[in-house]
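Remarks on the structure that follows.
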Amino acid sequence: MSLYVDIEKKLGDFQLKVSFEANDGIFALLGASGCGKSMTLKCIAGIERPDRGRIVLGGRVLFDSEQGINLKPQERRAGYLFQQYALFPNMTVRQNIRCGVRRVDSGGRLKSGIVCRFRRKKNQRVDSCGPLESGSASRFRRKENQRVDSCGSPESGIVCWLRRKMCLRGDGVSGNALTSERQIDAMIRALRLDGTEDRKPGQLSGGQQQRVALARILINEPDVVMLDEPFSSLDSHLRFSLERDVRHLMQEYGKVVLLVSHDRDEVFRMADHVAIMDDGRIETVGSRYSVFMDPKTVRGAFLTGCKNVTECRPVSFDSVRADAWGLTLDTGRDVTGKFHVGIRMHDVHIRESSGQIRKDRGLSAIPDSVLKAANFEAWREQDSTLRTTDFKVERKQDSVLRTANFEAWRKQEGNRNVFHCYVTEEIENPFSYTVMLKTSEGCEAFGMELNKQKWDAARRKELDVYIPAEAILLLE
């Protein structure tokens, strides 16, 4: 199953223009509020009509502006979990879930449970469990060779999984499917709604309301499930627990899942692929690892959690100068066209190795061969008449020695991107410290984050830090 989306829609001054393709698994749209994430889902579901474009789900064209195709929402087989859940306030949990159970009408089309109840009021023939049962529906099922329950509803793969998970049996007969009520019971257990079956939405917590809405969607195994900020209203403990449940359900579901969120941690834990959205456009798309490792844009860096971002200018093929920080960063790759640089706080490390330059940058930390070469070069720059044979380390001024030694040592392989910094501020977090650092040449501070035990052992006013070249984000 795959979903192809290429649409445009104008809303006042806002222009939505997105194009992406999602395959089986969880595909996340990560972006700030107002960037067009929810509008994209509404266009896919058929709630909003794009001005131009094409939407194809599993080979079925849902929308095509050129061909004049625009399927109704109920014909798209798209499950949409709204931010506000859209539960019926006058119905119980069981009744809300039952509304989502689709039936086959006399024309072979799927109808929702609420439509079936309306038709029963018109004295149409129903089976012993309530849903409409017609000869043409039976012929439709035989034609499609679907496995059906005793109420005539096609049994979905997710319900089969729930049967195995809950160890449920169908009417005591081998191979029998669950009835609609048993499907509802299984879904209630799977989403931990036991004991709430007879409650109405106003008597439920926010997390329980969300799970009811999710159960109503999943019970019919739609071709695509769209989750619009599904965990935003939940407390952290319940969010983490429900994330795991939903992720497992979606893995068993095995089709396309679109997740919309502004929470980078939630997206990273849930999604297989990620698209970063900003101002109605998709800036970056790829696997979650590739996007988080290289978000490519300034907005993408912020959305994926990078807090150290500043302007830069290329100074060589593979180096940039971040003037605000007073750092020249060796990146090990082409920096052409890159005007911003980002460094994640956890990628700034206290320099700790056997060859580490000591706090006072004394000579004993530098290998003798490097020391002599650096001393001579620094001394020669001050006295052009100096000959190599006149070289004496002890004659050098200490300030010149320190600068030359440190710069020569830093440029050696394995010691690139080592900088001497001053601590300007310590910010205590629940389980870590954020340490703000400045260099002697910088006018702005950048942050380093490390656990409390490590900082308690290393705490000082001045320190040397190391930034791996591969951890430097080059941004457009």
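As the structure is a computational prediction, the values presented were derived from the model and not from experiment.
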Check whether [X] reaches the backbone of [Y] with its side chain - one donor and one acceptor, N or O, closer than 3.5 Å.
| X | Y | value |
| --- | --- | --- |
| D272 | I26 | yes |
| K10 | D51 | no |
| R76 | I44 | yes |
| R216 | C99 | no |
| T196 | R199 | no |
| R333 | A469 | yes |
| N308 | G447 | yes |
| D278 | E283 | no |

For this session: For side chain to side chain contact (heavy atoms under 4.5 Å, CB included), just list the numbers for D263 and F231, CA-CA rounded to whole Å, side-chain angles, deciding distance to a tenth of an Å, and then say yes or no.
Result: CA-CA 9 Å; D263 188 320; F231 310 108; over 6 Å; no
Interatomic distance, [X] atom [atom1] to [Y] atom [atom2] [nearest 0.5 angstrom]:
| X | Y | atom1 | atom2 | value |
| --- | --- | --- | --- | --- |
| I282 | T40 | CD1 | OG1 | 7.0 Å |
| K17 | D6 | NZ | CG | 8.5 Å |
| M293 | R288 | CE | CZ | 13.5 Å |
| N70 | F63 | CG | CZ | 5.5 Å |
| R299 | L30 | CZ | CG | 9.5 Å |
| I184 | R98 | CD1 | CZ | 5.0 Å |

Problem set entry | All side-chain hydrogen bond (donor to acceptor under 3.5 Å, both in side chains) counterparts of E66, not counting sequence neighbours | none
Check whether any side-chain heavy atom of [X] sits under 4.5 Å from a side-chain heavy atom of [Y], and report yes or no.
| X | Y | answer |
| --- | --- | --- |
| F419 | L329 | yes |
| T92 | E197 | no |
| M1 | V224 | no |
| L81 | V225 | no |
| V61 | V56 | yes |
| E428 | K452 | yes |
| T304 | V274 | no |
| D185 | R94 | yes |

Problem set entry | Chi angles and distances behind the salt bridge (charged side-chain N to carboxylate O under 4.0 Å, His left out) call for R281, D279 | CA-CA 6 Å; R281 305 289 194 275; D279 195 26; over 6 Å; no
For [X] and [Y], work out which heavy atoms get closest and say how close.
| X | Y | value |
| --- | --- | --- |
| Q95 | N90 | OE1-O, 4.4 Å |
| L57 | R77 | CD2-O, 4.5 Å |
| L303 | A32 | CD2-N, 3.9 Å |
| T439 | C421 | CG2-SG, 3.9 Å |
| S2 | N23 | CB-OD1, 3.1 Å |
| G79 | P222 | N-CB, 3.6 Å |

Exercise. In chain order, what residues pass the ring pair (Phe, Tyr, Trp, His ring centres under 6.0 Å) check against Y4, with sequence neighbours excluded?
Worked result: none
Exercise. Sequence neighbours excluded, which residues qualify as ring pair (Phe, Tyr, Trp, His ring centres under 6.0 Å) partners of F268?
Worked result: Y289, F292
Problem set entry | Working for side chain to side chain contact (heavy atoms under 4.5 Å, CB included), residues Y80 and D228 | CA-CA 8 Å; Y80 191 172; D228 193 350; 3.2 Å; yes
If you count heavy atoms of other groups shown closer than 6.0 angstrom to [atom1] of [X], is the number above 12?
| X | atom1 | value |
| --- | --- | --- |
| F240 | CZ | no |
| R192 | CZ | yes |
| K296 | NZ | no |
| E311 | CD | no |

For this session: Give a yes or no on whether a salt bridge exists between E444 and K438, defined as a side-chain N under 4.0 angstrom from a carboxylate O.
Result: no
Problem set entry | Under-4.0 Å salt bridge between D323 and R321 | yes
For this session: Name all pairs fulfilling the ring-ring contact (aromatic ring centres under 6.0 Å, His included) condition that reach into residues 307-347, sequence neighbours left out, sorted by first residue then second.
Result: W325-F446
Seminar exercise, completed: Between D64 and the options R54, R49, R52, the salt bridge (Lys or Arg N to Asp or Glu O under 4.0 Å) test singles out R54
Problem set entry | S432: side chain to side chain contact (heavy atoms under 4.5 Å, CB included) partners, not counting sequence neighbours | N429, E449
Seminar exercise, completed: C43 meets the side chain to side chain contact (heavy atoms under 4.5 Å, CB included) criterion, sequence neighbours left out, with I7, K9, M39, E48, P50
For this session: Evaluate side chain to side chain contact (heavy atoms under 4.5 Å, CB included) for L16 paired with L11, printing each intermediate quantity in order.
Result: CA-CA 8 Å; L16 177 69; L11 295 167; over 6 Å; no
Problem set entry | Check against side chain to side chain contact (heavy atoms under 4.5 Å, CB included), D223 and R60 | CA-CA 11 Å; D223 290 338; R60 292 189 304 119; 3.4 Å; yes
Problem set entry | Pair T331-D318, side-chain donor/acceptor within less than 3.5 Å | no
